[in-house]
Amino acid sequence: MSSEMTVNDHIPIALRTEALEQILVERGLVDPAVMDGFIKTYEQDVGPLNGAKVVAKAWTDPDYKARLLDNGTAAVGELGFKGPQGEHIVVVENTDDVHNVVVCTLCSCYPWPLLGLPPSWYKDPAYRSRVVKEPRTVLSEMGLDVPEGTQIKVWDSSSEVRFFVLPRRPAGTEGMSEEDLIPLVTRDAMVGVAEVTGS
Amino acid sequence: MSTIQPASGIADMGGDDGWGAAPRPDPQEPPFKEDWEKRAFAMALLSMRLSGTNLDAFRHAMNRLDRAHYVDDGYYGRWLYGAENLLMDSSIIAPGTVEARAVNMSGGQADEPAAPEAHKPDYAPTAAGSIRQIDAPQKFHVGQRVRAKVLKAPGHTRLQKYTQGHVGTVAIVEPAQVLPDTHAHFIAENAQWVYTVAFDSHELFGPDAETFTLNTDMYEDYLEDAS
C-alpha cells in the first residue's frame, strides 16, 4: 500500500471494509462478537443441507410432500427451518412436464433458511438480467439442457415470498432411504439450474 | 430524510442485454470467498438497526449506487456501499469518514470528520418482518387478468421495468405485506395484498421470444384490472 494514498484515491474494498468496522467498533456501535456470530451462522449452520433434508423427506413421505406444496412455510417449519429471508416459502415442483427456475432480478433474494447465502452465479448480472428473458439459453450455458417438450416456469422474487424448487427424484433411487437421498440433493437443483442425479 | 433520493436504475436489470454469458455453477463454492466479504455482510445486517431504518431502505440504498459501486466489488461490495449510505442518511457517520480512516490505516494522513449527531428517521415498524394481517378484501382473484402499471415515481419500487405495462394472470394470492415503495422512505407501511402474476414470455418480450411463463410478485398498488 502506497503511503501517498489520499481520500480521493479509490479505496480497495477490503481496506474500506476494515476502516468502517474500525470506526463503528471504536464508537461502540458494533460488537465484533455479534458480527462473528452472524458470520458463523451462515458459514457453518445454515446452508443447502437444510433444503436437501426437506427434499429427501418430500421424496419419501407423500403426506409431507402434500403439506410442503400446500404450505411451504409450515412444512419447512416442521423441520425447524425458519428465520430471516424465510417469512413465506412457496415450493414449486419440478415434474416430467414442468421445470421451475428461481431468480431475483432486482437484488438477490434467496430462501436463506433453506439454502444459506446465495452463490455467486445467482448474484451475477448475467443470470439476473437474462434468465427472465431467455431461460432455456441461460440454463444451457449453465450446463442444464431442458428438453424441448418441458414447459419452463421462471419465478422472479420481488416481494418477501421466497420460492424453492422441489427437484425431480432421479430414476434408480427407488430403494434409497430418506437419509441416503439427502447427500444427492444439490443447492443448484433447489434453485432450478441443475437436476439431481442418482449418484 | 425528507427528500427521496432516486434509484440509479442499475439494479433493475431484468430483461437487459449486455451482461454476457451466465457463469457455470461451482458446487464447492464457499459462502464467502474473501474475509472482507464476511465483515461487510455482518456490518450491512447491523447497519439497518444502527441507522434506525429497514430492509426496504437498505435495498434502496443499494439501488442508489452508480454502476461502478454496484458492480465492481460484487455482491458484498454493494452491501458495504449500501450500508454506508444508510449510516450517512441517518448521520451515524459523516461523509468522508471511511475514506479518511482508510488513508490513515494505509500510512497516509487525512483528517477524519467528527462523529455527527445522529438523525434517524421518525419511524417504527408495527410488527417484525414484512407480512401483516389486514382486513381489506382482495381486489384481485386467481385467474383474473391484470396489468402491471407503468410507474414514474423516482423512489424505491419492486415493480420491475420489464413487467411494466404488460398483462398477466393472477396465479397465487400471497400474504399481505408492507409496500416497499412507501416503507423504504418511512412514509407508511401501507400493508396490502400481494399477488404472484404469471406472464406469457411473448407478452413481455415479443413474438420471437423463447416460450415460457414468467411468475413474479406484484403488490396490489402495482396492478390494475385487465379482464
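Just so we're on the same page: letters track the sequence lines, and every chain starts at 1.
- No salt bridge links B:Glu210 with A:Arg136; every basic N to acidic carboxylate O contact stays at or beyond 4.0 Å.
- Contact tally against chain B (heavy-atom pairs below 4.5 Å) for A:Phe163, A:Tyr122, A:Tyr127: the top residue is A:Phe163.
- Taking 4.5 Å as the limit, every side-chain heavy atom of A:His88 sits out of range of all side-chain heavy atoms of B:Gln177.
- For A:Val90, the part lying near chain B is the side chain, with the backbone staying farther off; criterion is any non-hydrogen pair under 4.5 Å.
- Using a 4.5 Å cut-off between heavy atoms, B:Asp35 makes no contact with chain A at all.
- In this structure, chain B has a heavy atom under 4.5 Å from the side chain of A:Glu26, while its backbone stays farther away.
- Top candidate by heavy-atom pairs under 4.5 Å with chain B, chosen from A:Ser157, A:Pro125, A:Ala126, is A:Pro125.
- Of the atoms belonging to A:Pro32, heavy atoms from both backbone and side chain fall under 4.5 Å from chain B.
- Using non-hydrogen atoms only and a strict 4.5 Å limit, no part of residues 60-84 of chain A faces chain B.
- By the neighbour-count criterion of 12 heavy atoms within 6.0 Å, atom CD of A:Glu174 is densely surrounded, having more than that number from other residues, nucleotides or ligands.
- Between chain B and the options A:Thr186, A:Asp124, A:Val161, heavy-atom pairs under 4.5 Å are most frequent for A:Val161.
- In terms of heavy atoms, A:Ser158 sits closest to B:Asp217 at OG-O, 2.6 Å.
- Here the side chains of B:Arg39 and A:Glu18 are not in contact, with every heavy-atom distance at 4.5 Å or above.
- Counting heavy-atom pairs closer than 4.5 Å to chain B, the top-ranked of the candidates A:Lys153, A:Glu141, A:Arg128 is A:Arg128.
- Interface residue A:Gln151: only side-chain heavy atoms are found under 4.5 Å from chain B.
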message: The test is side-chain contact (heavy atoms from CB on, under 4.5 Å); show your working for B:Phe41 and A:Thr17 and say whether it passes.
response: CA-CA 10 Å; B:Phe41 165 73; A:Thr17 307; over 6 Å; no
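- Proximity to chain A (any heavy atom under 4.5 Å) is restricted, for B:Thr196, to the side chain, taken from C-beta onward.
- Side-chain contact between A:Leu106 and B:Asp12: present, with at least one pair of heavy atoms (C-beta onward) separated by less than 4.5 Å.
- Here CZ of B:Arg158 is found 8.0 Å from CG of A:Asp156. Values are rounded to the nearest 0.5 Å.
- Atom CZ of A:Arg187 sits about 9.0 Å away from atom CD of B:Gln28, to the nearest 0.5 Å.
- Atom-to-atom distance recorded for B:Ile92:CD1 and A:Arg27:CZ is 9.5 Å, nearest 0.5 angstrom.
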Please table the atom pairs, donor to acceptor, closer than 3.5 Å between any side-chain atom in residues 108-120 of chain A and protein atoms at least two apart or in another chain.
{"from": "A:Ser120", "atom 1": "OG", "to": "B:Glu29", "atom 2": "OE1", "distance (Å)": "2.7"}
{"from": "A:Ser120", "atom 1": "OG", "to": "B:Glu29", "atom 2": "OE2", "distance (Å)": "3.2"}
{"from": "A:Ser120", "atom 1": "OG", "to": "B:Lys33", "atom 2": "NZ", "distance (Å)": "3.4"}

